[in-house]
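Reading through the structure tokens given below for one structure.
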Amino acid sequence: MARKYWLFKSEPEEFSISDLKARPKQTEPWDGVRNYQARNFMRDEMKVGDLALFYHSNCDTVGVVGVCEITREAYPDPTSWEKGHKHFDEKSSPENPRWIMVDVKWKETFPRTVSLQELKEHPKLSEMRVAQRGNRLSITPVDKAEFDQVCQLARKS
DNA sequence: GCCAACGTTGGC
DNA sequence: GCCAACGTTGGC
């Protein structure tokens, strides 16, 4: 089965690609996803070895900043039943977890950010979900061609 | 800080 | 099952 490609959004003030790189083993559980579409992508389609663009939202320079890899497939997100946690959901429990997460490992931080504006203006990238008006999904599938194109743009000086 | 777009909730 | 109200996301 061919590897799949994704885009993961994160607010850098919450969790940035530098934070991921600084983690033990440069790996972190991607917790806090509370959207069914995003959850289902993780649960049904994400496999170890898949690659993802790391996207910074809600910040000065919005755009793709690097690449990470899925290193563990979907398993329950314990923050969902942790009372008082920012992402607590009373309908989730250890016996019946409603929300899940995957582990991601840092792969690369680009020498520059490929900005959202650049994605929107690029003929091969403007169809990406993240470039669509009003898009709010924090995890979206990306075509291999799009993934490769973003990496190429980011690495050229 | 504004506000458009979206997802969820809940009354009916 | 509809849909208005509400809360959140996220670019600007």
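Convention: sequence-line order gives letters A, B, ...; per-chain numbering from 1.
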Could A:Glu45 and A:Lys4 be called an ion pair, given the rule that one side-chain N must be under 4.0 Å from one carboxylate O?
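Salt bridge: yes.
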Can you tell whether the side chains of A:Glu127 and A:Lys120 come within less than 4.0 Å, N to carboxylate O?
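No.
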If you link I, L, V, M, F, W and Y whenever their side-chain heavy atoms are under 4.5 Å apart, who else ends up in the same group as A:Ile100?
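A:Trp6, A:Phe8, A:Phe15, A:Ile17, A:Leu20, A:Trp30, A:Val33, A:Phe41, A:Met42, A:Met46, A:Phe54, A:Val65, A:Ile70, A:Val102, A:Val104, A:Trp106, A:Leu137, A:Ile139, listed by chain and number.
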Members besides A:Met101 in its Ile/Leu/Val/Met/Phe/Trp/Tyr cluster (side-chain heavy atoms under 4.5 Å):
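Other cluster members: A:Tyr75.
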Not counting sequence neighbours, which residues clear ring pair (Phe, Tyr, Trp, His ring centres under 6.0 Å) with [X]? List them please.
{"X": "A:Trp99", "value": "A:Tyr36"}
{"X": "A:Tyr5", "value": "A:Phe147"}
{"X": "A:Phe110", "value": "none"}
{"X": "A:Tyr55", "value": "none"}

Length of the line joining [X]:[atom1] and [N]:[atom2], which is rounded to integer Å:
{"X": "A:Glu14", "N": "C:dT8", "atom1": "CD", "atom2": "P", "answer": "14 Å"}
{"X": "A:Leu119", "N": "C:dC12", "atom1": "CG", "atom2": "P", "answer": "11 Å"}
{"X": "A:Tyr36", "N": "C:dT8", "atom1": "OH", "atom2": "P", "answer": "16 Å"}
{"X": "A:Leu137", "N": "C:dT8", "atom1": "CG", "atom2": "P", "answer": "18 Å"}
{"X": "A:Glu121", "N": "C:dG11", "atom1": "CD", "atom2": "C1'", "answer": "15 Å"}
{"X": "A:Met128", "N": "C:dG11", "atom1": "CE", "atom2": "P", "answer": "13 Å"}
{"X": "A:Gln37", "N": "C:dT8", "atom1": "CD", "atom2": "C1'", "answer": "16 Å"}
{"X": "A:Asp89", "N": "B:dG7", "atom1": "CG", "atom2": "P", "answer": "18 Å"}

Stretch residues 50-62 of chain A: residues that reach within less than 4.0 Å of DNA chain B through a heavy atom
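Those residues whose heavy atoms fall under 4.0 Å from DNA chain B, taken from residues 50-62 of chain A, amount to none.
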Report each atom pair, protein N/O against N/O of nucleotides 2-5 of chain B, whose distance is under 3.5 angstrom.
{"residue": "B:dA4", "atom": "O3'", "partner": "A:Arg133", "partner atom": "NH2", "Å": "3.2"}
{"residue": "B:dA5", "atom": "OP1", "partner": "A:Arg133", "partner atom": "NE", "Å": "2.8"}
{"residue": "B:dA5", "atom": "OP1", "partner": "A:Arg133", "partner atom": "NH2", "Å": "2.1"}
{"residue": "B:dA5", "atom": "N3", "partner": "A:Arg136", "partner atom": "NH1", "Å": "3.4"}

C:dT8, OP1 or OP2 - any side-chain N/O from A:Lys9 closer than 4.0 Å?
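No, outside the criterion.
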Which pairs, with at least one residue in residues 113-138 of chain A and sequence neighbours excluded, count as a ring pair (Phe, Tyr, Trp, His ring centres under 6.0 Å)?
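Residue pairs with at least one partner in residues 113-138 of chain A: there are none.
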